[in-house]
Amino acid sequence: MSVTVRVPAKVNVQLAVGAARPDGFHGLANVFLAVSLFDEVTATRADGLTVTCAGPDADQVPLDRTNLAARAAEMLAERAGIEPAVHLHIAKNIPVAGGMAGGSADGAAALLACDALWGLDTPRAELLDICAVLGSDVPFSLVGGAALGTGRGELLTPVDAGTFHWVFAVADGGLSTPAVFREFDRLTAGTAVPEPEASPALLAALASGDPDALAATLANDLQPAALSLRPALADTLAAGTGAGALAALVSGSGPTTAFLVRDEESAAKVAAALEASGTCRVTRVASSPAPGATLLPS
Ligand code: C5P
């Protein structure tokens, strides 16, 4: 018997970052938007816990217990007092270590898949608690849609969002999220970092579905840090806006860059121009919002 869960990638349309907290995490006001790039995680009964992965970047995915999918299975099994006897297969389409929460997505998907496979029927609130322990972005991967994340990003409030179209430019190699936050700390050292707050103008633009309004309000406080570690990303951002994107920003901690475009036709044009520019490895076209982790019919 096996169970498959489909789970989306995310982009942050606003990522307001506060000063480092005593626990090392940063307070955030983080407006998450799920986009239609999906991984699928299939859970199958097995003797022990194993993970496999297929897809263009599968060789960059760890298959040991550091994989959030494996940790999700372990945590759920421990809570239920059973052995994590499951094989997890990840069909990987979300860029790896790219700032699109691909690892977090697999954690949320594995949790939902194992819950169904083992017939546990864990209450949603408890699944969300496990997600928050797994990582700051994991609860949003479960929920999907559009949401404001506060705390370290794990405390979610749903927000309204119209439909938007995106192009994502995948860079060569990943960026480490902790390294980008450390660079943020270095760049802001000696300055008064304000309390992170969601932008009312951005939330109104998101709800309106007006791409020009959203383009004027996109903001990512981690972008200077990502650009400092990876200066070539500035060329990618410029190539996308030069090709007609309404706005460009680094996705989360990067190095994937996100381009807001007016419609599907413009998406295809911007993607082609980005690929021709030689400033990225590959592009993906997507729309938002997308649903969160969902069981697929067997
Ligand atoms: O929560 P998660 O395990 O995804 O976070 C990865 C790393 O990113 C943390 O160890 C921390 O260095 C950094 N981080 C942070 N503040 C946040 C979220 C993540 O400093 N709100």
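Every number for a ligand or one of its atoms is a count from 1 in the order of the listing. Index from 1, following the sequence.
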Worksheet item: Pairs in or reaching into residues 205-215: which pass salt bridge (Lys or Arg N to Asp or Glu O under 4.0 Å), with residues at least two apart or in two chains?
Response: Asp212-Arg262
Discussion item. Distance alone, cut at 3.5 Å: any donor-acceptor contact between the side chains of Arg6 and Thr294?
Written reply: no
Worksheet item: Roughly how far apart are Leu63 CG and Ile90 CD1, rounded to 0.5 Å?
Response: 7.5 Å
Ignoring hydrogens and angles, write down the donor-acceptor pairs under 3.5 Å from the side chains of residues 173-182, residues two or more places apart or on other chains.
unit_1: Ser176; atom_1: OG; unit_2: Ala179; atom_2: N; d: 3.1
unit_1: Thr177; atom_1: OG1; unit_2: Ser253; atom_2: OG; d: 3.2

Discussion item. If the condition is salt bridge (charged side-chain N to carboxylate O under 4.0 Å, His left out), which residues does Glu183 pass it with, not counting sequence neighbours?
Written reply: Arg186
Item to complete: Write out the protein residues near ligand 1, meaning a non-hydrogen atom under 4.0 Å from one of its atoms, in order of chain and number.
Response: Gly24, Phe25, His26, Leu28, Gly135, Ser136, Arg152, Thr177, Pro178, Phe181
Fill in: Aromatic ring pairing His26/Phe184, orientation class (parallel under 30°, perpendicular over 60°, tilted between)
perpendicular
